[in-house]
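First comes the structure, then the notes that go with it.
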Protein chains: 2
Amino acid sequence: MRASDKAYAALREDIIEWRLLPGTVLAEVEQSERLGISRTPLREALSRLTAEGLTAAGGRGVVVTDISLEDIDELFELRETLEGKAAALAAERGDAATFERLRNELLLAPALITGGDPARHDYYGLVGRLDAAIDASISNSYLAQAMRSLRVHLVRVRRLAADDATRLTAAAAEHATIAEAIAAGNSRLAEAATTVHLHRSLSHIKATHTPR
Amino acid sequence: MRASDKAYAALREDIIEWRLLPGTVLAEVEQSERLGISRTPLREALSRLTAEGLTAAGGRGVVVTDISLEDIDELFELRETLEGKAAALAAERGDAATFERLRNELLLAPALITGGDPARHDYYGLVGRLDAAIDASISNSYLAQAMRSLRVHLVRVRRLAADDATRLTAAAAEHATIAEAIAAGNSRLAEAATTVHLHRSLSHIKATHTPR
DNA sequence: GCTCGGATCTATGTATACAGAACCGTTGTG
DNA sequence: CACAACGGTTCTGTATACATAGATCCGAGC
């Protein structure tokens, strides 16, 4: 693996996990020494992070960007637009059998959620597979790219909220509804189910949001 | 201006204007000598271009990405989603007087379009101001960012089509309709007018598309 | 004549040195 | 006592040298 990739992955992880808090100045020499590489690959990593919006180039050095409550609203507004469209397209173009299978798995998900941490990891993987199946079905690389760049920020937001078993169980049911609508080829229902799911997620995040 | 900014602007311009054709390999030493800078700032410029999707990092060096007919369809699919939402939000949140003024200017636009090249430049500026007014009204930086990254590719596509006076006159009327709907605060109409406009644009581009 | 292997060469990835600019602390003056 | 200007320090921006990996080409062997 290239040193710049390593630095990018490490910094991105640190930012997403809130180990590097917003406002932190990422000085080049300091970070390059911390990561054990030279400044050149580090600069490339910082460029990529800045392009993604995780950092911003201020006058002196790059700083970790903040996510305010208004940002979360904006983020979900865009997310609703993109994922709603994606779900509708998946309903039109996706493979029904694939989503039918995902739906059946999602209906069994509550067992995973209450089953402790390793099983819960399986649940996150299952949701990820639903996302991936939608991505693959839409066959629109630009839309897929836009959603990818959104998800980076969403992971960051998610870490602010508590994902308790109650909410996860409800979310699994919502996901199952989305999968069912896609499998049935009902694009309007798929979009509506996505809208509902995202509103519930947003409400939950705002309710359990822990100010830093 | 920094050397990397200069290189970025120059390469971006070359790609958008189709002076650097898809598939062209941008070798680092070659381009750095052509632009009169060293490899370090050039690499940063190439990173930015790759992040935007104008170039792609292949096994050896970065290559200028292609835009196929399918890409144009995908591009407009996403564009319809984003700009439709943006127009709707602008109708809800925008300042009516601003869009009323833009509408009145757009109604006078046919005179600019038939008035030769310098006047036509004014027309493009007017459309740009409508875009900027919508961007400012939505007050959603993530959505605005997504639209910005889309516009880069759209400029590239637009150069493939012939923008004759007939089409531009029709487009001006469509833009005026959008501005009117936003000024009236009618979000559904604004979204519908945007959808119509984009479909017309896409049809025109595909009809007059000149295969390279 | 074709294929496989090695050597060479070229382009990218990384490190480092140097220059220029910005920021902070200090000092001098109003 | 406050504010501004100046100098030092530190950081970024750029250039260049070096290492490394991949590709290409030539030659030998089958």
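Residue numbers begin at 1 in each chain, while the letters A, B, ... track the order of the sequences.
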Report the distance from atom [atom1] of [X] to atom [atom2] of [N], rounded to the nearest whole Å.
{"X": "A:Q31", "N": "D:dT12", "atom1": "CD", "atom2": "C1'", "answer": "15 Å"}
{"X": "A:E44", "N": "D:dG13", "atom1": "CD", "atom2": "P", "answer": "15 Å"}
{"X": "B:E33", "N": "C:dT12", "atom1": "CD", "atom2": "P", "answer": "12 Å"}
{"X": "A:E30", "N": "D:dT12", "atom1": "CD", "atom2": "C1'", "answer": "14 Å"}
{"X": "B:R43", "N": "D:dA15", "atom1": "CZ", "atom2": "C1'", "answer": "14 Å"}
{"X": "A:Y8", "N": "C:dG13", "atom1": "OH", "atom2": "P", "answer": "16 Å"}
{"X": "A:R2", "N": "C:dT14", "atom1": "CZ", "atom2": "P", "answer": "6 Å"}
{"X": "B:L42", "N": "D:dT16", "atom1": "CG", "atom2": "P", "answer": "14 Å"}

(message) I want to confirm an ordering. Mapping A:L26 and B:P41 to their closest nucleotides on DNA chain D, which one lands closer to the 5' end?
(response) A:L26
(message) Tell me if the centroids of the rings in A:F76 and A:H199 come within less than 6.0 Å of each other.
(response) no
(message) Check A:E105 with A:R129, please: is the shortest side-chain N to carboxylate O separation under 4.0 Å?
(response) yes
[X] side-chain N/O to [Y] backbone N/O, donor-acceptor pair under 3.5 Å:
{"X": "B:W18", "Y": "B:R156", "answer": "yes"}
{"X": "A:E191", "Y": "A:A88", "answer": "no"}
{"X": "B:T50", "Y": "B:A57", "answer": "no"}

(message) Is it the case that D:dG13 (base atoms only) and A:R39 (side chain only) share a donor and an acceptor within less than 3.5 Å, ignoring hydrogens and angles?
(response) yes
(message) For D:dT16, does the base pair up with any side-chain atom of B:T40 as donor and acceptor (N or O, under 3.5 Å, distance only)?
(response) yes
(request) Would you kindly compare A:I37 and B:V62 by the position of their nearest DNA chain C nucleotide and give the one closer to the 5′ end? (result) B:V62
(request) Taking only the side-chain nitrogens and oxygens of B:S4, find out if one of them lies under 4.0 Å from OP1 or OP2 of D:dT14. (result) yes
(message) If you only use heavy atoms from C-beta on, which nucleotide in C:dT12, D:dT12, D:dA15 is closest to the side chain of B:A27?
(response) C:dT12
